[in-house]
**Student:** 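The structure follows.
Numbered from 1 within each chain, the chains take letters A, B, ... in sequence-line order.
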Amino acid sequence: MSERIPQHRYTAELAGQIEAAWQDRWESEGTFHSANPAGPWAEPDDPRLTNGHTMVMDMFPYPSGAGLHVGHPLGFIATDVYARYLRTTGANVLHTMGFDAFGLPAEQYAVQTGQHPRVTTEANMEIYRRQLRRLGMGHERRRSFATIDPDYYRWTQWIFTQIYNSWYDVSAPARLGDGIGRARPISELVAQFESGERAIPDGRAWAGLSPAERAAVLDGYRLAYVSAAPVNWCPGLGTVLSNEEVTADGRSERGNFPVFKRNLSQWMMRITAYADRLVDDLERLDWPEKVKLMQRNWIGRSHGATVTFGPVERVEGGTTGIDVFTTRPDTIFGATFMVVAPEHPVLDEIVPSAWPEGTDPTWTLGEPDPRTAVAAYRTAASRKSDVERQADAKDKTGVFAGAFATNPVTGTKIPVFVGDYVLMGYGTGAIMAVPGQDERDWDFATAYHLPIIRTVQPTPDHPEDKAFTGEGPAINSSIEGLSLDGLGVAEAKERMIEWLEARGAGSRRITYRLRDWLFSRQRYWGEPFPIVWDEDGVAHTVPDDMLPVELPEVPDYSPRTFDPEDAGSSPEAPLARATEWVEVELDLGDGRGLRTYRRETNTMPNWAGSCWYYLRYLDPANDDALVDPAVERYWIGPRPAPVADAPAGATDPGGVDLYVGGVEHAVLHLLYSRFWHKVLFDLGYVSSEEPFRRLINQGMIEAYVYRDDRGFPVPAAEVEEHAGPGGTTYTWNGQAVTQEYGKMGKSLKNVVTPDEMCEQYGADTFRVYEMSMGPLEQYRPWETRAVVGSQRFLQRLWRNVVDEETGEVTVVDVELDAETDKALHRTVDGVRADLEALRTNTAIAKMIELNNHLTKLDAVPRAAVEPLVQMVAPVAPHLAEELWQRLGHTESLAYAPFPEADPAKLVEDVVTCVVQVKGKVRDRLEVPADVDEATLEGLALASPRVQASIDGAPVRKVIVRAPNLVNIVV
RNA sequence: GCCCCCGUAGCCCAACCGGCAGAGGCAGCCCACUUAAAAUGGGUUCAGUGCGGGUUCGAAUCCCGCCGGGGGCACCA
């Protein structure tokens, strides 16, 4: 049987041919090459350079081997549409895509398949490249790279050496003079130590220190340093992890393995030095509020005071003080006891050998003396994991330490407790407990019969048996020479801090939740550190001219992993097995000549490569610098105007113009990257203060899952839908199945791939469908059977230009009738605004509308369909190029100027005016668009239908919004 | 427990600064083409905006309180 499909119909097959042909042509012509003002690719004469510039970027993918589904390219298509649109405005547009190819996912896939990570990673990247090409991405291929390329990670290592060889000078003026604090080369700190301008913390003389001692001093300042501290050890992954990679319930973000605290010597990055700038600069960014909030919460800056509670008697004689941090210094009058963390060192000094006279029996754990009780409590606490401690959060437990401190304001003696609801890692590890204004302290006070004093007047409806944490006037807060009574919280805080500072009992203090970034991993597949260790145990950076330090071949690249529950295991770096690589003779050029060193065997986390890749996109062929300064300034330097919604007085921080990616990187990649960028800024390598000026989180495409009566998923593509009186039902192979909504995944049997869609409909149809499903940020369900609507649109557009039977172009060169002309200009105007604002879904709706209008004409005028082809080009670029060519153009339309709307044709001369009586529509009038209010009011009141509605009632008021509306109030 | 986002037709989504609830698509129904079906084309039905209050001449839109869905944080002193 012969198919009765017209020979020249725009079918998936024809689309496939057209698409492949145009992809070849774009590639051979370098259509998407953008122009650089300087550096190896300088093209200073390119006219686009002076015509505006935009950098559009996607979060680059991991070539993990799991395979793409239709959700993955959503953001890529959106940025491609935007970039293609911008090119038609004459702008110089940079849009490319590389690969985040180091790291766990790539390594795990390699381990699973028993191959070297480089082999599988490169194979997967090839698949990705082919798929991206097939989707018609206008990426600039020559700017693409992978983080595993030695030419790339050479610079990742170089940045590490810069960070390592820097320190944060909190008192130096900011680089732009607009604040205090910046990173400086470590050599300047050494000079200060040598000259004596700055004292060494423990008071020794620099000249008298050994190399190892000097190194130890400098490690206290370097922005990258080795520290022995409790870290997150994940036996299941065989590596340590940063705080950001551990979930709230104490498991690894990747793989969901248990994580344990182990004391280990690891590389850290001093991100905490930038905490303030990382918080403050958020308001200069055009980012989703949600992401800003997540970063603010993660950094967790809180303002308060440290207050010393003392004297506490020491067992060995004399007294000591206990410092607490509080955000509520205004409530000190209500501090009736203290609690220190079980790990607090002061406990070693103050716990006496006998319970004080009259100790409440509930305070003692039933132990005969405080030492036994505190020791037992500390042991029990140390056995609890963070997870268990959190799980027990409801019950406040603790034990009396047997000692008393003095409330520095009231002079009252107050008991000191040990309690695990106080964390050693936050503030000072000790708190003043104010049960009246703190729920946790209230719980503790109730459990241990401790006094409660309210120092803020609760609201009248506040329950008697609860802490009051709200705002109100201070009460019970007076002593001789100080009264907070009647003051609001903010004012009371200020007054209190001033009082404390005047007496030396406390001082203003800011604390942060953010901790330094644990930067080393015990994995093979990552960047080696550009660090060698000498025989004294002193670290040295590898000189720039010896970079990159290439990743060696090892007999076994898989990490040593352990039983996920084996908390006692220790990490082993796979690189340590490359003994010939580890032992190395080098002349570091420091005057010490050829010496033997041991290479650092940890590798960097995969965040390292993604921390700065946007900078390399700018100038990927540059061998002399990570990016030419002029190129950086041109593409992502600060713009004259601040971003939308920035507070008054804010300046633009620079950065990538548009960055699109998933929200899952809110506090990982996006925080690390901002940190590195600010270091590079301080050191003068970049002119921008932020990496990403504008961020959009694309939504996910989800899918329906169908399950049979056993609960097993059945292939979603084979499910039939039945509309019935009792609602819609679903069957698979004749048996009833249930529908639920969720993620797309192999095990759920609902995966749809871009390749399938290209096969069945063509890439352009797929692009149009994904873009018309809804706003970019929105989560939405995939529905394959709806894709045909997008295909029909493109087929109708095709048919408006080409005869399906003969393949001939059928457009006519006639003048547009008034209606078509108006529709065209309205569409151009709307589509331009929509594409500009990334509202591609509504842009497509407007194009469909115009196309449907053209379909109804006897013959399609060229003057109408050519602009439509241009407008559709960003979304369906292959089809548009093909039609453009068939319409007689020889050049690609990638740079053809976007159609302009004539403002004169956008105004209607006659509009429909709605006449309401008491807000209800009673009549419609056709009136001139420029009708004046008085005339319109007269016309409305004269309407018989309006008069009938008014029914003789007196008119109280008439609201006129010429020319659209009149509302008569009776 | 606290914070953020979202609820419009059977489904996905529009609706600009508060001003006629509907741009577009899917599905359904009718018609044309076809021996027939598919494909294609043309036409058409469908909601008063999750619920309850309030502000306003006028509310999908602003405010308050619920309900439902999604997400973030959670002894942070």
**Student:** Between the protein and nucleotides 26-32 of chain B, are there any N/O to N/O pairs under 3.5 Å, and if so, what are the atom names and distances?
**Tutor:**
from: B/C26; atom 1: OP1; to: A/Arg792; atom 2: NH1; distance (Å): 2.4

**Student:** Should B/C2 form a Watson-Crick or G-U wobble pair with both distances under 3.5 Å, which nucleotide is its partner?
**Tutor:**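 By the stated definition (distances under 3.5 Å), B/G72 pairs with B/C2.
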
**Student:** Which value, in whole Å, describes the distance between the P atoms of nucleotides B/G28 and B/A23?
**Tutor:**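 Approximately 23 Å lies between the P atom of B/G28 and that of B/A23.
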
**Student:** Under 3.5 Å for both donor-acceptor distances, Watson-Crick or wobble: does B/C29 have a partner, and if so which one?
**Tutor:**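 Here B/C29 is engaged in a pair, and the nucleotide opposite it is B/G43.
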
**Student:** Would you classify A/Ile848 as touching base, sugar-phosphate or nothing, given that sugar-phosphate means primed atoms plus P, OP1 and OP2, and contacts are heavy atoms under 4.0 Å?
**Tutor:**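 Sugar-phosphate, no base atom in range.
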
**Student:** How far, in whole Å, is B/A21 from B/A60 if one measures between their P atoms?
**Tutor:**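 Going atom to atom, P in each nucleotide, I get 8 Å.
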
**Student:** Does A/Asn852 have a side-chain nitrogen or oxygen under 4.0 Å from the phosphate oxygens OP1 or OP2 of B/G42?
**Tutor:**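 For A/Asn852, the contact criterion (side-chain N or O under 4.0 Å from OP1 or OP2 of B/G42) is not met.
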
**Student:** Under the salt bridge (charged side-chain N to carboxylate O under 4.0 Å, His left out) test, which residues partner A/Arg440, sequence neighbours left out?
**Tutor:**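 In terms of salt bridge (charged side-chain N to carboxylate O under 4.0 Å, His left out), with neighbours along the sequence ignored, A/Arg440 is linked to A/Asp438.
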
**Student:** Which is true for A/Gln795 with a 4.0 Å heavy-atom rule: it touches a base, it touches only sugar-phosphate, or it touches nothing?
**Tutor:**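 It contacts sugar-phosphate atoms only.
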
**Student:** From NE2 of A/His303 over to C1' of B/C76, roughly how many Å is that when rounded to an integer?
**Tutor:**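 Taking atom C1' of B/C76 as the reference, NE2 of A/His303 is at 14 Å.
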
**Student:** Are any protein N/O atoms closer than 3.5 Å to N/O atoms in nucleotides 3-9 of chain B? If there are, list each pair with its distance.
**Tutor:**
none

**Student:** Can you find a side chain N or O atom of A/Ser302 that sits less than 4.0 Å from OP1 or OP2 on B/A77?
**Tutor:**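 Result: yes.
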
**Student:** For A/Arg328, which residues count as a side chain to side chain donor-acceptor pair (under 3.5 Å) partner, sequence neighbours excluded?
**Tutor:**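 Once residues adjacent in sequence are excluded, the partners of A/Arg328 under the side chain to side chain donor-acceptor pair (under 3.5 Å) criterion are A/Asp330.
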
**Student:** If I take atom CG in residue A/Asn851 and atom P in nucleotide B/G41, what distance separates them, rounded to the nearest angstrom?
**Tutor:**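 Computing the A/Asn851:CG to B/G41:P distance gives 10 Å.
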
**Student:** Quick one: list whatever passes salt bridge (charged side-chain N to carboxylate O under 4.0 Å, His left out) with A/Arg826, sequence neighbours left out.
**Tutor:**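 Checked A/Arg826 against salt bridge (charged side-chain N to carboxylate O under 4.0 Å, His left out); matches are A/Glu908.
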
**Student:** Nearest heavy atom decides the nucleotide; on that basis, is A/Glu804 or A/Met773 closer to the 5' end of RNA chain B?
**Tutor:**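 The answer here is A/Met773.
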
**Student:** Measure the acute angle between the ring planes of A/His665 and A/His669, then classify it against the limits of 30° and 60° as parallel, tilted or perpendicular.
**Tutor:**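 A/His665 and A/His669: perpendicular rings.
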
**Student:** A/Val914 or A/Asp438: which one's nearest nucleotide on RNA chain B is closer to the 5' end?
**Tutor:**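 Taking each residue's closest nucleotide, the earlier one in sequence belongs to A/Val914.
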
**Student:** Under the salt bridge (charged side-chain N to carboxylate O under 4.0 Å, His left out) rule, collect the residues that match up with A/Glu253, sequence neighbours excluded.
**Tutor:**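 Expected list: none.
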
**Student:** Have a look at A/Tyr779 and say if it touches a base, only the backbone sugar-phosphate, or nothing, with a 4.0 Å heavy-atom cut-off.
**Tutor:**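 The answer is sugar-phosphate, as A/Tyr779 gets under 4.0 Å only of primed atoms, P, OP1 or OP2.
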
**Student:** Take atom OH of A/Tyr704 and atom P of B/G69, then tell me their distance rounded to the nearest Å.
**Tutor:**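 Taking atom P of B/G69 as the reference, OH of A/Tyr704 is at 16 Å.
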
**Student:** Applying side chain to side chain contact (heavy atoms under 4.5 Å, CB included) to A/Val339 and A/Tyr421, what does each step give before you reach the verdict?
**Tutor:** CA-CA 9 Å; A/Val339 186; A/Tyr421 80 97; 3.6 Å; yes

**Student:** Taking N or O atoms only and anything under 3.5 Å, show me the protein contacts with nucleotides 58-62 of chain B, one pair per line.
**Tutor:**
none

**Student:** Is there a side chain to side chain contact (heavy atoms under 4.5 Å, CB included) between A/Val966 and A/Leu925? Walk through the geometry before answering.
**Tutor:** CA-CA 10 Å; A/Val966 178; A/Leu925 305 170; over 6 Å; no

**Student:** Atom CE of A/Met496 and atom P of B/A77: how far apart are they, to the nearest Å?
**Tutor:**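 Distance check: A/Met496 CE to B/A77 P gives 19 Å.
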
**Student:** With a 4.0 Å limit, can you tell me whether A/Arg9 has a side-chain N or O closer than that to the phosphate oxygens OP1/OP2 of B/U40?
**Tutor:**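 The answer is no; no side-chain N or O of A/Arg9 sits under 4.0 Å from OP1 or OP2.
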
**Student:** Which label fits A/Tyr426 and A/Phe325: parallel for a plane angle under 30°, tilted from 30 to 60°, or perpendicular past 60°?
**Tutor:**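 Ring orientation of A/Tyr426 relative to A/Phe325: perpendicular.
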
**Student:** Look at the side-chain N and O atoms of A/Asn841 and state whether any lies under 4.0 Å from the OP1 or OP2 oxygen of B/A14.
**Tutor:**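 So the side chain of A/Asn841 is within the cut-off, an N or O lying under 4.0 Å from OP1 or OP2 of B/A14.
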
**Student:** For the atom pair CG (A/Leu285) and NZ (A/Lys292), what is the distance rounded to the nearest 0.5 Å?
**Tutor:**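 So the gap between those two atoms works out to 6.0 Å.
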
**Student:** Considering residues at least two apart in sequence or located in another chain, which fulfil the salt bridge (charged side-chain N to carboxylate O under 4.0 Å, His left out) criterion with A/Arg515?
**Tutor:**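 Counting only residues at least two positions away or on another chain, A/Arg515 forms no salt bridge (charged side-chain N to carboxylate O under 4.0 Å, His left out).
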
**Student:** Using the rule given for side chain to side chain donor-acceptor pair (under 3.5 Å), can you reason through A/Thr810 versus A/Asp803, listing the C-alpha separation, both sets of side-chain angles and the distance that settles it, and then say yes or no?
**Tutor:** CA-CA 6 Å; A/Thr810 55; A/Asp803 186 296; over 6 Å; no

**Student:** Classify the ring geometry of A/Phe444 against A/Phe417: parallel below 30°, tilted from 30° to 60°, perpendicular beyond 60°.
**Tutor:**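 The rings of A/Phe444 and A/Phe417 stand perpendicular, inter-plane angle above 60°.
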
**Student:** Among residues at least two apart in sequence or on other chains, which ones pass ring-ring contact (aromatic ring centres under 6.0 Å, His included) with A/Tyr10?
**Tutor:**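 So A/Tyr10 forms a ring-ring contact (aromatic ring centres under 6.0 Å, His included) with A/Trp798.
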
**Student:** Within the structure shown, what part of the strands sits under 4.0 Å from A/Arg780 by heavy-atom distance: base, sugar-phosphate, or nothing?
**Tutor:**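 A/Arg780: backbone/sugar contact only, no base atoms under 4.0 Å.
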
**Student:** Side chain to side chain contact (heavy atoms under 4.5 Å, CB included) for A/Met432 and A/Thr331? Distances and angles first, verdict last.
**Tutor:** CA-CA 10 Å; A/Met432 62 175 205; A/Thr331 64; 3.7 Å; yes

**Student:** Determine the contact category for A/Pro775: base if any of its heavy atoms lies under 4.0 Å from a base atom, sugar-phosphate if only primed atoms, P, OP1 or OP2 are that close, otherwise nothing.
**Tutor:**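 Sugar-phosphate, no base atom in range.
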
**Student:** A/Asp443: what forms a side chain to side chain donor-acceptor pair (under 3.5 Å) with it, not counting sequence neighbours?
**Tutor:**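 None.
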
**Student:** Look through every strand shown and name the nucleotide pairing with B/U8 as Watson-Crick or G-U wobble, where both distances are under 3.5 Å.
**Tutor:**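 B/U8 is paired with nothing.
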
**Student:** Looking only at atom P, what distance separates B/G70 and B/A37, rounded to whole Å?
**Tutor:**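 It works out to 44 Å between them.
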
**Student:** If the cut-off is 4.0 Å, is A/Arg796 near the phosphate of B/G41, judged by side-chain N/O to OP1 or OP2?
**Tutor:**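 Indeed, a polar side-chain atom of A/Arg796 lies that close.
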
**Student:** Tell me, which of residues 831-838 of chain A have any heavy atom that sits under 4.0 Å from an atom in RNA chain B?
**Tutor:**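 Nothing qualifies; none.
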
**Student:** Take atom CD1 of A/Ile299 and atom P of B/G72, then tell me their distance rounded to the nearest Å.
**Tutor:**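 Going from CD1 in A/Ile299 over to P in B/G72 covers 18 Å.
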
**Student:** Checking all strands, does A/Thr511 fall into the base, sugar-phosphate, or nothing category for heavy-atom contacts under 4.0 angstrom?
**Tutor:**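 Contact class for A/Thr511: none.
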
**Student:** Watson-Crick or G-U wobble partner for B/C66, using a 3.5 Å limit on both distances?
**Tutor:**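 When the pairing criteria are applied, B/G50 turns out to be the nucleotide that pairs with B/C66.
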
**Student:** In chain order, what residues pass the side chain to side chain donor-acceptor pair (under 3.5 Å) check against A/Asn243, with sequence neighbours excluded?
**Tutor:**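 Expected list: A/Asn232.
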
